[in-house]
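Numbering of residues begins at 1 and proceeds along the displayed sequence.
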Amino acid sequence: MTELPLIVLTNRVFPETRVAFEGVARVVANDGPEPWSYDQVIERCREAAGLMAFMTDCVDRAFLARCPNLKVIGAALKGYDNIDVDAASERGVQVTIVPDLLTEPTAELAIGLMIALGRHIPAGDAGIRTVGFAGWRPQLYGTGIDNSTVGIVGFGRVGQAIARRLSGFGCRIIAYDAEPFESPGVEGMALENVLGLADFVVLGLPLTESTTGLIDAEAIGRMRRGALLVNPARGSLVDEAAVADALESGQLSGYAADVFECEDWARQERPATIDARLIRPGARTVLTPHIGSAVMSVRREIELSAATSIIEALAGKVPGGLINRPVRLGNPALTA
């Protein structure tokens with residue numbers, strides 16, 4: 001009897017995801033709350049045919065060289081900057097992503113971050129918990145979305161989903177994207193104009209070589225003094241040290257983020273931690289631990305989508321969500 005292929009799941013998954021592989025593959029899975037290290041993942045993938053990868057994984061050229069049997073990486077992700085897709089293609093490894101399921105919950109969280117930041121919700125909650133509540137006081141006056149100008153930087157699927165949700169808020173919506181677009185109720189304009197006009201600047205870009213560090217000290221200097229910056233997309237779109245400087249000077253009134261520079265494994269020079277000034281007590285920040293897609297039903301669908309892609313690839317089919325064309329001969333999935 002032919003031995004079933006080995007699949008590695010690097011982070012804790014739903015039981016349904018494990019069940020999807022029954023009778024199809026042998027599974028090695030991380031059942032703990034913390035991710036495996038780079039070397040731990042490699043050790044478990046040396047004989048693996050498939051890998052379900054998450055945000056915590058870094059799949060680079062050296063990784064692939066040490067895992068010669070790998071045929072498919074099913075990323076439970078939309079953004080895939082932590083995977084060297086070119087190196088995977090050269091080694092005949094298919095890479096799949098989940099392109100749609102993360103869009104709506106990420107946009108939903110972006111709106112939550114905007115409201116929490118503009119209306120000082122965390123500060124109000126913390127004040128009640130620490131000093132109690134004696135009734136209304138003239139304090140924590142903030143910025144509402146109503147009658148504000150919201151600038152969306154990056155008008156792909158996430159940017160468009162944010163704009164749809166903002167349509168009922170009574171705000172002016174302006175947006176920048178590298179590609180021309182038309183969207184009812186949204187004014188397209190150059191990046192410098194979006195930055196200069198917006199009360200809220202919301203990021204919706206993927207992380208690429210050209211977008212890394214896009215929101216740096218110079219870009220922040222072009223923003224309206226006192227503007228609010230919201231990043232639900234990728235940490236390294238933003239220079240966090242420059243953000244901290246701008247909060248201290250008053251150039252920015254607040255910063256909200258669900259993503260951070262230290263997460264972006266593809267960046268060798270990334271900082272080890274979040275800038276301490278962004279997390280100290282009293283900082284004008286709202287920070288969440290990368291929960292943009294953390295809706296129970298959505299996460300379940302994301303995992304099952306990635307699992308299905310892996311199973312399809314190993315069965316010799318063209319998997320859903322495939323983003324590359326491997327060139328190494330001998331991979332049966334390439335002939336499908």
Side-chain angles (χ1 to χ4, degrees), residues 55 58 78-82 106 109-110 113-114 116-118 143 148-156 158-159 162 173-179 181 187-280 282-290 292:
M55 182 69 192
C58 176
K78 178 180 181 179
Y80 49 90
D81 44 273
N82 57 329
T106 300
L109 183 70
L113 290 173
M114 291 174 65
L117 183 66
T143 302
S148 290
T149 297
V150 179
I152 302 173
V153 178
F155 207 66
V158 171
I162 292 169
I173 306 172
I174 60 178
Y176 160 79
D177 196 83
E179 300 295 327
F181 68 88
E187 303 170 55
M189 55 184 66
L191 176 60
E192 56 266 30
N193 293 334
V194 171
L195 296 178
L197 292 172
D199 300 298
F200 291 85
V201 174
V202 187
L203 306 182
L205 292 163
L207 183 63
T208 65
E209 186 175 343
S210 63
T211 63
T212 298
L214 179 70
I215 307 301
D216 57 9
E218 182 180 352
I220 294 169
R222 294 197 203 112
M223 294 170 63
R224 294 183 63 173
R225 184 169 180 82
L228 302 164
L229 177 61
V230 180
N231 184 10
R234 275 293 188 266
S236 292
L237 298 174
V238 169
D239 180 339
E240 290 172 3
V243 168
D245 290 341
L247 290 172
E248 290 177 345
S249 71
Q251 175 62 19
L252 286 177
S253 283
Y255 179 58
D258 186 48
V259 288
F260 305 94
E261 287 186 274
C262 59
E263 296 181 279
D264 295 324
W265 298 99
R267 282 187 57 201
Q268 303 235 342
E269 76 288 2
R270 69 187 185 279
T273 60
I274 300 169
D275 190 297
R277 293 173 294 169
L278 298 180
I279 58 177
R280 68 187 179 193
R284 289 168 290 170
T285 56
V286 177
L287 309 176
T288 52
H290 206 138

Rounded to the nearest 0.5 Å, how far does CG of Leu191 lie from CG of Asp177? 10.5 Å
For Ser249, what residues pass the side chain to side chain contact (heavy atoms under 4.5 Å, CB included) criterion, not counting sequence neighbours? Gln251
Kindly give the heavy-atom pair with the smallest separation between Val153 and Leu205, and that separation in Å. O-CG, 3.4 Å
Nearest 0.5 angstrom please: Thr288 OG1 to Leu109 CG, how far? 5.0 Å
Side chain to side chain contact (heavy atoms under 4.5 Å, CB included) involving Ser148 - partner list, sequence neighbours excluded: Thr143, Asp199, Phe200
May I ask you to decide if Gly235's main-chain N or O and Glu263's side chain share a donor-acceptor pair within less than 3.5 Å? no
Just one of Asn231, Val259, Thr212 clears the side chain to side chain contact (heavy atoms under 4.5 Å, CB included) bar with Val238, so which one? Asn231
Within-4.5 Å side-chain heavy-atom neighbours: Leu195 and Tyr176: no
Just wondering, do Val243 and Leu229 contact through their side chains at under 4.5 Å, heavy atoms? yes
Should Asn193 and Ile174 be marked as a side chain to side chain contact (heavy atoms under 4.5 Å, CB included) after you check the CA-CA gap, both sets of side-chain angles, and the distance that decides it? CA-CA 9 Å; Asn193 293 334; Ile174 60 178; over 6 Å; no
For Ile220 and Ala246, the nearest pair of non-hydrogen atoms, with its separation, is CG2-CB, 3.6 Å
Any chance you could measure Leu197, atom CG, to Met189, atom CE, to the nearest 0.5 Å? 5.5 Å
Spatial distance of atom CD1 (Ile279) from atom CD (Glu240) [nearest 0.5 Å]: 10.0 Å
Determine whether Thr273 and Cys262 make a side-chain contact, defined as any pair of heavy atoms from C-beta on separated by less than 4.5 Å. no
Between Leu214, Asp264, Asn82, which is the residue that forms a side chain to side chain contact (heavy atoms under 4.5 Å, CB included) with Leu207? Asp264
What are the two closest non-hydrogen atoms of Pro232 and Ala110, and how far apart are they? CG-CB, 3.8 Å
Atom CD of Gln268 with >12 non-hydrogen neighbours under 6.0 angstrom: no
In this structure, which one of Arg270, Arg267, Arg234 forms a salt bridge (charged side-chain N to carboxylate O under 4.0 Å, His left out) with Asp81? Arg234
I need the Leu252 CG to Leu228 CG distance, nearest 0.5 Å. 8.0 Å
Testing the basics here: between Ala256 and Leu117, what is the closest heavy-atom pair and its distance to 0.1 Å? N-CD2, 3.7 Å
Show the nearest heavy-atom pair for residues Gly188 and Phe181, with the distance to one decimal. CA-CZ, 3.6 Å
Hey, is OH on Tyr80 packed in by over 12 heavy atoms from elsewhere, all under 6.0 Å? no
Got Leu247 and Arg277 here, is their nearest side-chain heavy-atom distance under 4.5 Å? no
Could you pull out the closest heavy-atom pair between Ala242 and Ala217, with the gap in Å? CB-N, 3.6 Å
Under 4.5 Å between any side-chain heavy atoms of Thr106 and Lys78, yes or no? no
Nearest-0.5 Å distance, CD1 of residue Ile274 to CG of residue Leu287: 6.0 Å
